[in-house]
Amino acid sequence: MKNYDKYKPGYFPPPEECLDWVKKDHIEKAPMWCSVDLRDGNQALIVPMSLEEKLEFFQFLVKLGFKEIEVGFPAASETEYEFLRRLIDDNLIPEDVTVQVLTQSRRHIIKKTFEALEGVKKAVVHLYNSTSVAQREQVFKASKEEITEIATSGAKLIKKYAAKYPDTEFNFEYSPESFTGTEMEFARDICNAVIDIWEPTPQQKVIINLPATVSMSMPHIYASQIEYMSKHLHNRENVIISLHPHNDRGTGVADAELGILAGGDRIEGTLFGNGERTGNVDIVTLAMNLFSHGVDPQLDFSNMPEVVEMYERFTDLKVHPRQPYGGQLVFAAFSGSHQDAIAKGMKWRKSKELHQWTVPYLPIDPKDVGRVYEGDVIRINSQSGKGGIAYILERDYGFDLPKPMREEVGYMMKGISDKAHKELSSQEIFDAFSKEYINYFDPIDITDATFKKVSTYKSDDGMIVDMRVDIGGDIFEVTAEGNGRLNAINNALKKTPYHFDYTLISYTEHALETSSSSKAAAYICIEDSEGVQYWGVGTHDDIILASVNALVSALNRENRMHKFVK
């Protein structure tokens, strides 16, 4: 591409090595969560939410388990102001939930913000001003000292106004907005100036929010910046470090996770990452990543389909089908090798009666987020393989195909999908399988077969069959003996005028456990003189007659090739 030389890194690494976070391999507990869907997320929508929609979304966020929710910028518009007042006046804020409001460092905005909060029991007042080199030079045309004065004057005003509302439990939050484009020493100094004014205590901690307002670096740089701030903030034991990553470089989740390792205590983000430009950090992904490591995320996404439905309704945005954890296709396996591994893993886990989840290709159990194996995991199209198709036939219909048969059935299903250019449903798979293999009685149909033991064989397998067979409309009643039931039938068929050319290759049987009846299934493979094999499947309440039906099905499939019965 042209013009790449217009760009250079705009971030400022810490002035000292900050790599303690590298020694940690995973997050051991959930951070504090603050949803900014109703403010940051809402302001990014083409059509912002109505008052009623915001009220309903707030209640849904509470249901998911959020204890801190940024409800807006009450001084910015009448709708924002009215929304906060409705929450307070209608007593819609639960006792254990704290609302957060945003304000600039301007006297009349701070004044109106506190007026909007009158009567609330608990609230976080979030003060911000831009601190980056670009903002200082281009927007505010102000020195570091002048930018610091904006922050400290606002901090003093907030402390002054809060004192007028003794019945409200306030916490203060400060953001050096555009933190990632700010020199670390200046970010440290301006935050410490605010902390010194607010004088945090164990009972009233201060939140210092360090936003990747514009993501500018690789995640390890952001983590080192957070670690530097964590080591150099005044009164650190009474300071909560909050992270607010945006996703400009596609690394919002990585920024947040490494930032937590580096000292972050709190995350501000949105469901599925809705936000300006490329969005905010996705709290769903962050929380579920914790879940997948065995850490309680302290948020409830056990009904992910509902979360997706509500999000799409409130925002008029769509969750991408490959969005981690929430997308429609995130658990779907079309690849044959993936399907085979998943099917074997599920069977192995069941046989071992395991609690721990270790199934290949599935980082979590889909059922834990309200998804179902039947429609979400093994999905069949022209890319699918024998393992996945066999898995569906066993899971949904009880047919445990012999391994040598699976490849043939797999190719058949792939061909059907490829020709139709579509995914096959479970029912379509079974219908095609049934039509091709199960109880296929045309033009050969053994309508009756009675067996009894015969003593001319040394083993106990000797059998005599009295058989009635319909071949192309002609009825034959024949008797023959053999060294087993299927061999006796074979010898009986040879007494008809037709030439049957086959050798029995394999036979298996089992009960159809998933069936509502007590049917049995039998599988037979025969081979003609040219070495071509033909499978047949039989079902019946009687396992003996199921085996007869399987042989007849295989013979009729052979007849399609050789036409020994017209």
Side-chain angles (χ1 to χ4, degrees), residues 390 398-409 436-513 518-566:
F399 288 90
D400 185 8
L401 306 190
K403 288 184 179 180
M405 186 183 186
R406 295 178 184 183
E407 185 170 3
E408 179 180 311
V409 175
E436 179 66 24
Y437 292 99
I438 302 175
N439 295 348
Y440 183 5
F441 298 150
D442 182 31
I444 305 164
D445 185 9
I446 296 177
T447 57
D448 189 31
T450 303
F451 297 93
K452 59 183 178 182
K453 286 186 177 292
V454 61
S455 59
T456 56
Y457 289 84
K458 292 182 180 180
S459 70
D460 291 334
D461 295 333
M463 285 287 174
I464 294 176
V465 63
D466 293 319
M467 187 174 79
R468 187 172 188 268
V469 58
D470 181 339
I471 304 178
D474 296 325
I475 306 299
F476 302 93
E477 295 190 5
V478 289
T479 300
E481 65 179 61
N483 61 0
R485 292 186 181 89
L486 297 177
N487 184 245
I489 290 174
N490 177 43
N491 293 334
L493 288 171
K494 290 178 179 178
K495 294 185 177 182
T496 69
Y498 296 92
H499 176 65
F500 289 91
D501 170 31
Y502 70 90
T503 302
L504 184 65
I505 299 299
S506 71
Y507 169 74
T508 58
E509 63 185 40
H510 65 78
L512 284 172
E513 296 179 358
S518 56
K519 282 188 175 182
Y523 309 84
I524 282 180
C525 179
I526 61 175
E527 185 176 274
D528 64 20
S529 58
E530 298 174 0
V532 180
Q533 295 184 348
Y534 306 91
W535 284 92
V537 181
T539 60
H540 198 279
D541 294 341
D542 184 335
I543 188 60
I544 294 173
L545 295 182
S547 66
V548 172
N549 291 344
L551 176 60
V552 171
S553 297
L555 289 171
N556 281 312
R557 295 189 70 243
E558 181 189 11
N559 185 67
R560 284 213 315 251
M561 176 69 70
H562 293 295
K563 305 294 183 185
F564 50 82
V565 178
K566 303 297 183 183

Would you call [X]-[Y] a salt bridge at under 4.0 Å N-O?
X      : Y      : answer
Arg560 : Glu436 : yes
Lys519 : Asp542 : no
Arg485 : Glu509 : no

(request) List the steps and the verdict of side-chain contact (heavy atoms from CB on, under 4.5 Å) for Glu481 and Met463. (result) CA-CA 6 Å; Glu481 65 179 61; Met463 285 287 174; over 6 Å; no
Of all the heavy-atom pairs spanning [X] and [Y], show the shortest one and how long it is.
X      : Y      : answer
Asn439 : Ser553 : N-OG, 3.2 Å
Arg406 : Ala390 : CD-CB, 3.7 Å
Ala522 : Ala550 : O-CB, 3.5 Å
Gly482 : Ala488 : N-CB, 3.8 Å

(request) Using the salt bridge (Lys or Arg N to Asp or Glu O under 4.0 Å) rule, collect all pairs that involve residues 437-449, keeping only residues at least two apart or in two chains. (result)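 Checked against salt bridge (Lys or Arg N to Asp or Glu O under 4.0 Å) - neighbours excluded - no pair reaches residues 437-449.
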Which side-chain N or O atoms in residues 493-500 pair as donor and acceptor under 3.5 Å with protein atoms at least two apart or in another chain?
from   : atom 1 : to     : atom 2 : distance (Å)
Lys495 : NZ     : Thr479 : O      : 2.5
Thr496 : OG1    : Leu493 : O      : 2.6
Thr496 : OG1    : Tyr498 : N      : 3.4

(request) Can you measure from CD1 (Ile524) to CG (Leu551) and round to the nearest 0.5 angstrom? (result)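 These two atoms lie 5.0 Å from each other.
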(message) What's the separation between atom CD1 in Ile526 and atom OG in Ser506, rounded to the nearest 0.5 Å?
(response)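 Answer rounded to 0.5 Å: 10.5 Å.
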(message) Side chains of Gln533 and Tyr502: any donor to acceptor distance under 3.5 Å?
(response)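 Tyr502 vs Gln533: no donor-acceptor pair found between side chains.
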(message) Is it the case that the side chains of Asp501 and Ser529 hold a donor-acceptor pair, with the cut-off being a distance below 3.5 Å and no angle test?
(response)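 Checked: Ser529/Asp501 side chains pair up, N/O donor to acceptor below 3.5 Å.
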Is any side-chain heavy atom of [X] less than 4.5 Å from a side-chain heavy atom of [Y]?
X      : Y      : value
Ile438 : Phe399 : yes
Leu401 : Tyr523 : yes
Asn487 : Asn491 : yes
Pro443 : Asn556 : yes
Ile544 : Phe451 : yes
Phe476 : Met467 : no
Tyr534 : His562 : yes
Ile475 : Val469 : no

(request) For Glu527, enumerate each residue passing the salt bridge (charged side-chain N to carboxylate O under 4.0 Å, His left out) test, keeping only those at least two apart in sequence or located in another chain. (result)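 Checked Glu527 against salt bridge (charged side-chain N to carboxylate O under 4.0 Å, His left out); zero matches.
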(request) Please say which of Asp470, Val548, Leu545 ends up in a side-chain contact (heavy atoms from CB on, under 4.5 Å) with Ile446. (result)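 The residue from Asp470, Val548, Leu545 that satisfies side-chain contact (heavy atoms from CB on, under 4.5 Å) with Ile446 turns out to be Val548.
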(request) Could you tell me whether a side-chain N or O of Arg557 sits under 3.5 Å from a main-chain N or O of Trp535, the two making a donor and an acceptor? (result)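 Yes; judged by distance alone, with no hydrogens or angles, the pair exists.
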(message) Please check this pair: side chain of Asn549 against backbone of Thr539, looking for a donor-acceptor N/O pair closer than 3.5 Å.
(response)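 Indeed, once roles are kept as given, a pair shorter than 3.5 Å links the two residues.
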